[in-house]
Amino acid sequence: MTYQIIYDGCCNLCVSLVQVLEQLDRGQRFHYVPMQDHQTLSRWQITTQDCEGGMILLWEEAPEIRWQGSAAAEEIARLWPVGGAVIALYRGLPGLKWLGDRLYEQIRDHRYLLFGQRSQLYVSAYLVAPPDCSTCAKHF
């Protein structure tokens, strides 16, 4: 099974996480699409407004099956060895999931302030299709 991870290609935190996943996975399970690649996202009817909710994970074989925000982060973690057990524990401890969701929202909404913004769009080597732009400045 392969998945598409839709990430903010201008966010330092998002790009760092994608780079870690690239090193671990080497394109075997995950492919990556920056949120700024509107042409590719339109294939799945994903809009700029949809991306405001945070990263999106979709299943390549059935793109209507998707997770967003903290649910996407949890699903990505669950797909790794021992990740399922960690996520089950995380979801099972009272209040921890709620706290994690609120933390994700705060990081999502303040990511540029907290981690900085790239001047160039990061394009993964494990890209679904070439992006329709080359810099973040075109989008902000």
Side-chain angles (χ1 to χ4, degrees):
M1 285 199 233
T2 54
Y3 297 85
Q4 310 299 334
I5 296 176
I6 300 166
Y7 66 99
D8 183 346
C10 297
C11 167
N12 286 330
L13 175 64
C14 305
V15 168
S16 294
L17 293 173
V18 164
Q19 289 171 333
V20 168
L21 287 172
E22 288 172 328
Q23 290 177 355
L24 294 171
D25 182 62
R26 305 245 181 247
Q28 297 299 307
R29 184 176 295 174
F30 299 111
H31 296 129
Y32 307 89
V33 181
M35 290 178 177
Q36 293 78 10
D37 182 357
H38 305 291
Q39 184 176 0
T40 300
L41 296 182
S42 68
R43 293 184 203 167
W44 303 305
Q45 292 79 45
I46 296 174
T47 66
T48 302
Q49 292 77 23
D50 294 330
C51 292
E52 290 175 8
M55 79 165 132
I56 300 170
L57 175 70
L58 58 90
W59 185 28
E60 195 169 273
E61 288 90 24
E64 66 279 1
I65 299 174
R66 55 183 73 171
W67 301 261
Q68 186 161 22
S70 59
E74 292 169 23
E75 187 64 17
I76 291 166
R78 192 189 67 74
L79 292 168
W80 291 96
V82 305
V86 171
I87 294 300
L89 179 64
Y90 163 78
R91 289 176 178 164
L93 290 174
L96 194 55
K97 167 111 173 82
W98 180 89
L99 184 62
D101 291 347
R102 301 301 78 75
L103 181 61
Y104 181 92
E105 291 167 1
Q106 289 300 308
I107 291 171
R108 176 198 66 205
D109 294 345
H110 301 97
R111 63 188 178 273
Y112 296 139
L113 178 65
L114 296 169
F115 301 100
Q117 181 176 358
R118 302 172 64 87
S119 60
Q120 294 289 314
L121 180 70
Y122 178 77
V123 178
S124 171
Y126 306 103
L127 189 64
V128 174
D132 60 356
C133 65
S134 61
T135 65
C136 297
K138 293 180 181 179
H139 303 287
F140 301 98

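Everything numeric in this text was worked out from a predicted model, so none of it was measured.
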Discussion item. How close do Arg111 and Cys14 get, counting heavy atoms only, and between which atoms?
Written reply: CD-SG, 4.1 Å
Item to complete: Could you list the residues that satisfy side-chain hydrogen bond (donor to acceptor under 3.5 Å, both in side chains) with Gln28, not counting sequence neighbours?
Response: none
Discussion item. Using every non-hydrogen atom in the two residues, find where Ile107 and Leu114 come nearest and quote the distance to one decimal.
Written reply: CA-CD1, 4.3 Å
Discussion item. Show me the pairs that pass side-chain hydrogen bond (donor to acceptor under 3.5 Å, both in side chains) and involve residues 11-21, at least two apart or across chains.
Written reply: none
Could you go through residues 97-104 and list every donor-acceptor pair under 3.5 Å that involves a side-chain atom there, pairing it with any protein atom two or more places apart or in another chain?
unit_1	atom_1	unit_2	atom_2	d
Lys97	NZ	Glu74	OE2	2.8
Lys97	NZ	Asp101	OD1	2.9
Lys97	NZ	Asp101	OD2	3.2
Asp101	OD1	Ser70	OG	2.6
Arg102	NE	Glu105	OE1	3.2
Arg102	NH1	Trp98	O	3.4
Arg102	NH2	Glu105	OE2	3.1
Tyr104	OH	Met55	N	3.0

Worksheet item: Which heavy atom in Asp37 sits nearest to a heavy atom in Thr40, and how many Å separate them?
Response: OD2-OG1, 2.7 Å
Worksheet item: What residues, two or more places apart in sequence or in another chain, satisfy side-chain hydrogen bond (donor to acceptor under 3.5 Å, both in side chains) together with Glu61?
Response: Trp59
Worksheet item: Tyr7 and Tyr122: which non-hydrogen atoms are nearest, and at how many Å?
Response: OH-O, 2.7 Å
Worksheet item: Is Leu13 reachable from Met35 through a run of hydrophobic residues whose side-chain heavy atoms are each under 4.5 Å from the next?
Response: no
Worksheet entry | Heavy-atom side-chain contact between Leu127 and Pro34 under 4.5 Å | yes
Practice prompt. Find out if a path of hydrophobic residues (ILVMFWY) with successive side-chain heavy-atom gaps under 4.5 Å connects Tyr126 to Leu24.
Written response: yes
Item to complete: Only pairs at least two apart or in different chains count here, so list each salt bridge (charged side-chain N to carboxylate O under 4.0 Å, His left out) that has a residue in residues 21-33.
Response: none
Fill in: Which residues share a salt bridge (charged side-chain N to carboxylate O under 4.0 Å, His left out) with Arg108, sequence neighbours left out
none
Worksheet item: Do Ile87 and Val82 share a hydrophobic cluster (ILVMFWY, side-chain heavy atoms under 4.5 Å, transitive)?
Response: no
Worksheet item: Minimum heavy-atom separation for Cys10 to Gln36, with atom names?
Response: SG-NE2, 3.6 Å
Fill in: Arg66: side-chain contact (heavy atoms from CB on, under 4.5 Å) partners, not counting sequence neighbours
Trp44, Ile46, Ile56, Leu58
Worksheet item: Hydrophobic clusters join Ile, Leu, Val, Met, Phe, Trp and Tyr when side-chain heavy atoms are under 4.5 Å apart, directly or via other members; which others share one with Tyr90?
Response: Leu89, Leu93, Leu96
Fill in: Atom pair CZ/CZ of Arg91 and Arg78 - distance to nearest 0.5 Å
7.5 Å
Worksheet item: With Thr2, which residues qualify under side-chain hydrogen bond (donor to acceptor under 3.5 Å, both in side chains), at least two apart?
Response: Glu60
Discussion item. A side-chain contact here means heavy atoms from C-beta on lying under 4.5 Å apart; do Leu41 and Cys51 qualify?
Written reply: yes
Worksheet item: Can Trp80 and Leu21 be said to form a side chain to side chain contact (heavy atoms under 4.5 Å, CB included), step by step?
Response: CA-CA 11 Å; Trp80 291 96; Leu21 287 172; 3.8 Å; yes
Worksheet item: Any side-chain heavy atom of Asp8 within less than 4.5 Å of one from Tyr112?
Response: yes
Practice prompt. Decide whether Val20 and Phe115 are clustered together by the hydrophobic rule: side chain heavy atoms of Ile, Leu, Val, Met, Phe, Trp, Tyr closer than 4.5 Å, transitively.
Written response: no
Response to the item:
Ala125 meets the side-chain contact (heavy atoms from CB on, under 4.5 Å) criterion, sequence neighbours left out, with none
Item to complete: Check whether any side-chain heavy atom of Phe30 sits under 4.5 Å from a side-chain heavy atom of Leu57, and report yes or no.
Response: yes
